[in-house]
There are 2 protein chains.
Amino acid sequence: MKANLEDIARAAGVSKMTVSRVLRDGSGFSDETRRRVMEIAEKVGYVPNRLAAAFGSDQAETLVGMCVPRLTSGLFGHVLDGVDRALGRLGYQLIIGANDHSTTEEEAWIRQVASWRPAGLILSGRHHTPGTIEILRSAAIPVVEIWDLTTSPIDMAVGFSHSDCGAEMARHLLARGRRKAGYVGALARSDVMGQARFEGFRDALARAGHPLVDAEMLHDAPGFYAGYYGLETLLSRKNDFDVVYFHNDEMAIGGLAFCRSRGLGVPEDLGIAGWGGMEAASILERRLTTTVVPTTSIGKAAAEALVTKLKGGPVQAVTVVATRLVPGETV
Amino acid sequence: MKANLEDIARAAGVSKMTVSRVLRDGSGFSDETRRRVMEIAEKVGYVPNRLAAAFGSDQAETLVGMCVPRLTSGLFGHVLDGVDRALGRLGYQLIIGANDHSTTEEEAWIRQVASWRPAGLILSGRHHTPGTIEILRSAAIPVVEIWDLTTSPIDMAVGFSHSDCGAEMARHLLARGRRKAGYVGALARSDVMGQARFEGFRDALARAGHPLVDAEMLHDAPGFYAGYYGLETLLSRKNDFDVVYFHNDEMAIGGLAFCRSRGLGVPEDLGIAGWGGMEAASILERRLTTTVVPTTSIGKAAAEALVTKLKGGPVQAVTVVATRLVPGETV
DNA sequence: AAGAAGAAAGTTATCGATAACATGACCACC
DNA sequence: GGTGGTCATGTTATCGATAACTTTCTTCTT
């Protein structure tokens with residue numbers, strides 16, 4: 001990069017400061033000066049040096065960091081999209097990272113990103129290491145925790161209760177007459193949110209007097225194959241279920257594929273329920289019973305909360321978004 | 001953020017420079033000094049200011065920008081994942097943006113990101129505005145163009161030929177005895193890569209003497225619904241196809257759903273082919289005939305090419321990755 | 001015509017880290 | 001005992017933009 005403010009100033013016969021004022025569209029210059037400066041800046045292809053600007057002034061930055069569990073999850077793609085659309089419009093830059101469901105990796109990522117003095121951070125989940133909390137508090141960086149509800153956020157939170165999702169599904173399955181439920185999940189590292197759905201599900205069943213029959217937890221990425229093989233394992237251990245709840249829709253679709261391959265009728269022989277509301281789930285031969293999560297809205301709300309806070313506006317600490325249980329044709 | 005190098009220097013009774021040397025793990029200090037400095041840095045929770053460091057030295061940065069067409073595409077999620085894993089390990093930060101298949105938006109994004117003086121950029125596709133080319137050339141930022149093959153990259157490229165993908169699928173369908181092919185695509189803005197597949201497909205069919213019967217192009221996001229309704233529209237216009245090639249797997253799965261809903265047998269009544277190799281496609285009741293794209297590898301290769309170049313190593317300008325046509329049970 | 005008010009600039013100091021160069025202590029060797 | 005060399009450390013200038021002042025020049029008022 002060649003031209004800096006001084007080069008333009010020299011060419012235009014004014015001072016650096018005047019050029020700075022013109023380019024930032026403030027006031028304190030004549031139309032003639034503006035014209036000349038703009039013309040020269042255009043001609044030399046001036047690229048501002050935000051490193052210098054950000055460093056020189058303690059003004060709020062335009063860098064926002066976002067850490068998600070996995071980049072390959074369809075749901076998080078939509079959350080990212082919501083964030084990106086809301087932030088990009090306002091001139092913010094989005095730095096992303098994936099922590100693979102590990103709070104330790106999240107902390108390592110935050111340490112790196114914090115050294116860029118970001119304007120704010122968006123984190124996934126409400127569990128963080130003590131080190132993370134320490135950095136965030138002492139650096140006083142605005143933070144939005146998304147995806148998982150917490151009543152005591154570090155700063156702000158946008159989410160919903162995974163435990164409630166599981167409990168709601170349990171009630172739905174019971175209302176549909178199911179009594180012998182199984183669960184197939186994946187414990188990618190320590191996915192506490194999936195775990196919360198499981199526990200909410202299990203506890204609600206137990207309270208209703210029809211406790212969970214069995215659960216199969218894979219140590220694998222929660223995808224189609226995990227669902228397929230997870231159901232196979234569960235059924236081989238104890239073939240006495242009338243419904244199986246899956247960690248997410250991808251796994252549930254894998255489970256449906258397994259049923260098809262074994263000639264198991266869904267929902268007659270076995271009910272299948274998922275979670276997440278991926279688009280594919282609604283266009284299957286039988287629409288999947290699942291919980292739809294407003295992914296894009298969560299991203300958008302998180303970005304807006306952050307921006308509002310950065311601009312000094314009033315923000316509410318916790319924003320609860322509604323998930324929606326959609327009864328399909330698989331239960 | 002409170003403590004800076006000077007604070008630590010004062011506390012340790014040395015100069016800023018010595019602290020800087022210790023923290024960057026260089027040489028030129030005694031073990032005793034290192035111990036003291038490290039201890040104090042730890043105690044005060046020192047967070048380096050990379051803004052200042054990056055600005056102060058003209059050293060290579062650790063920011064890498066990446067622009068993708070859509071964040072909600074499953075395929076790009078995997079590319080991002082490949083890039084993130086390769087870069088994150090080496091301490092680079094990833095700034096992302098989505099351009100919605102618009103080269104104009106890409107340019108706007110690059111202008112923003114360029115002002116942060118990134119170490120390198122990863123762009124999707126080989127078509128860019130003149131303004132983009134101009135900025136990249138004059139700023140001399142290392143660039144990797146991914147996803148679409150080009151023999152004359154701006155700098156480096158990692159990709160494959162979309163046109164060849166289309167042609168290969170045409171040959172495959174012909175070899176399977178299909179003679180009356182249709183195409184259902186989506187023109188999200190100007191998705192030139194999908195367009196290249198279409199043209200490769202169409203031209204190969206024409207050359208073989210069995211030209212494309214008809215094509216339906218939707219101005220919509222290339223998802224399941226677009227596939228469903230696109231096929232409906234295509235068939236309502238002219239119901240004389242024995243196979244339909246789709247823009248991607250998501251749309252093809254939508255097409256399969258439409259066939260199912262209308263009682264059309266696949267592959268007996270109509271063949272269906274997709275592109276992309278999404279995981280879901282291989283676990284459908286009938287495995288989808290599609291072209292598998294090595295998404296994660298592309299991301300990994302792009303990141304590695306960039307890093308190698310940044311470290312001054314030898315890099316090849318163009319890396320061709322192999323796609324793989326996987327015959328399924330839908331043709 | 002003097003003075004006030006305001007617009008349109010210019011000046012200076014500063015942010016934190018680092019490169020480049022300078023210094024001082026200590027040792028070895030002829 | 002002087003010279004050269006190495007190690008540990010200090011000094012100074014610098015990166016580009018901007019905040020906070022200060023100055024200069026107009027214009028308008030009474």
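Numbered from 1 within each chain, the chains take letters A, B, ... in sequence-line order.
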Shortest side-chain distance from Val14(B), nucleotide among dG16(C), dG10(D), dT18(D) =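 The listed nucleotide nearest to Val14(B)'s side chain is dG10(D).
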ask   = Atom CE of Met17(B) and atom P of dA13(D): how far apart are they, to the nearest Å?
value =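 Rounded to whole Å, this separation is 15 Å.
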Note: Arg36(A)-Glu39(A) ion pair, threshold 4.0 Å (strictly below) =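 No.
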message = For dG16(D), does the base pair up with any side-chain atom of Arg50(A) as donor and acceptor (N or O, under 3.5 Å, distance only)?
response =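 No.
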ask   = Whole-Å distance between dT11(D) P and Arg21(B) CZ?
value =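 One finds 12 Å between P of dT11(D) and CZ of Arg21(B), rounded.
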request  = Looking only at side-chain atoms of Ala52(A), point me to the closest of dA17(C), dG10(D), dA17(D).
outcome  =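 Within the option list, the nearest is dA17(D).
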ask   = From the list dA17(C), dG16(C), dA17(D), which nucleotide is the closest neighbour of the side chain of Phe55(A)?
value =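 Of the options given, the side chain of Phe55(A) lies nearest dG16(C).
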message = Quick check for you: among dT18(D), dA17(D), dG16(C), whose closest atom lies nearest to any side-chain atom of Ser57(A)?
response =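 Given the options dT18(D), dA17(D), dG16(C), the side chain of Ser57(A) is closest to dT18(D).
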request  = Return the value, rounded to whole Å, for the distance between atom CZ of Arg10(A) and atom P of dA9(C).
outcome  =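 The answer, rounded to whole Å, is 19 Å.
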query = Is the phosphate of dG16(D), meaning OP1 or OP2, less than 4.0 Å from a side-chain N or O of Tyr46(A)?
reply =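 False: Tyr46(A) side-chain N/O out of range (4.0 Å or more) of dG16(D) OP1/OP2.
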task = Could you tell me whether Thr33(A) contacts a base, only the sugar-phosphate backbone, or nothing, with contacts defined as non-hydrogen atoms closer than 4.0 Å?
result =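 Contact class for Thr33(A): sugar-phosphate only.
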ask   = Of all the nucleotides listed (dG10(C), dG10(D), dG16(C)), which has the minimum atom distance to the side chain of Thr18(B)?
value =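 Nearest nucleotide to the side chain: dG10(D).
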key: Arg34(B) and Ser30(B): side chain donor to acceptor below 3.5 Å   =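 Result is no, nothing qualifies.
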inquiry  = Over all strands shown, is Phe29(A) touching base, sugar-phosphate only, or nothing at heavy-atom distances under 4.0 angstrom?
reply    =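 Since only primed, P, OP1 and OP2 atoms lie under 4.0 Å of Phe29(A), the category is sugar-phosphate.
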key: Spacing of Asp31(B) atom CG relative to dC7(D) atom P, expressed in whole Å   =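 Atom-to-atom, Asp31(B) to dC7(D), this comes out as 14 Å.
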request  = Find the distance Lys16(B):NZ to dG10(D):P and express it as a whole number of Å.
outcome  =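 Rounded to whole Å, this separation is 13 Å.
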key: Lys/Arg-Asp/Glu bridge criterion (N-O < 4.0 Å) met for Asp31(A), Arg35(A)   =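 Here Asp31(A) does not pair with Arg35(A) in a salt bridge, since their nearest N and O are not under 4.0 Å apart.
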ask   = When the distance from CG of Asn4(A) to P of dC15(D) is rounded to whole Å, what number comes out?
value =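 Asn4(A) atom CG is separated from dC15(D) atom P by 9 Å.
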task = Mind calculating the distance between CG (Leu23(A)) and P (dA19(D)) to the nearest angstrom?
result =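 Whole-Å distance recorded here is 14 Å.
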key: Whole-Å gap separating P (dT18(C)) and CG (Leu5(B))   =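 Nearest whole value for this atom pair: 6 Å.
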inquiry  = If you only use heavy atoms from C-beta on, which nucleotide in dA8(D), dA17(C), dT18(D) is closest to the side chain of Ser20(A)?
reply    =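 Selected nucleotide (nearest to the side chain): dT18(D).
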request  = For the pair Phe160(A) and His162(A), evaluate ring-ring contact (aromatic ring centres under 6.0 Å, His included) and give the outcome as yes or no after the intermediate values.
outcome  = CA-CA 6 Å; Phe160(A) 55 91; His162(A) 288 259; 4.6 Å; yes
task = Please round to the nearest 0.5 Å and tell me the distance separating atom CD1 of Ile8(A) and atom OG1 of Thr18(A).
result =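 Answer rounded to 0.5 Å: 12.5 Å.
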key: Of the listed nucleotides dT18(D), dC15(D), dA17(D), the one nearest the side chain of Arg24(A)   =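 Within the option list, the nearest is dT18(D).
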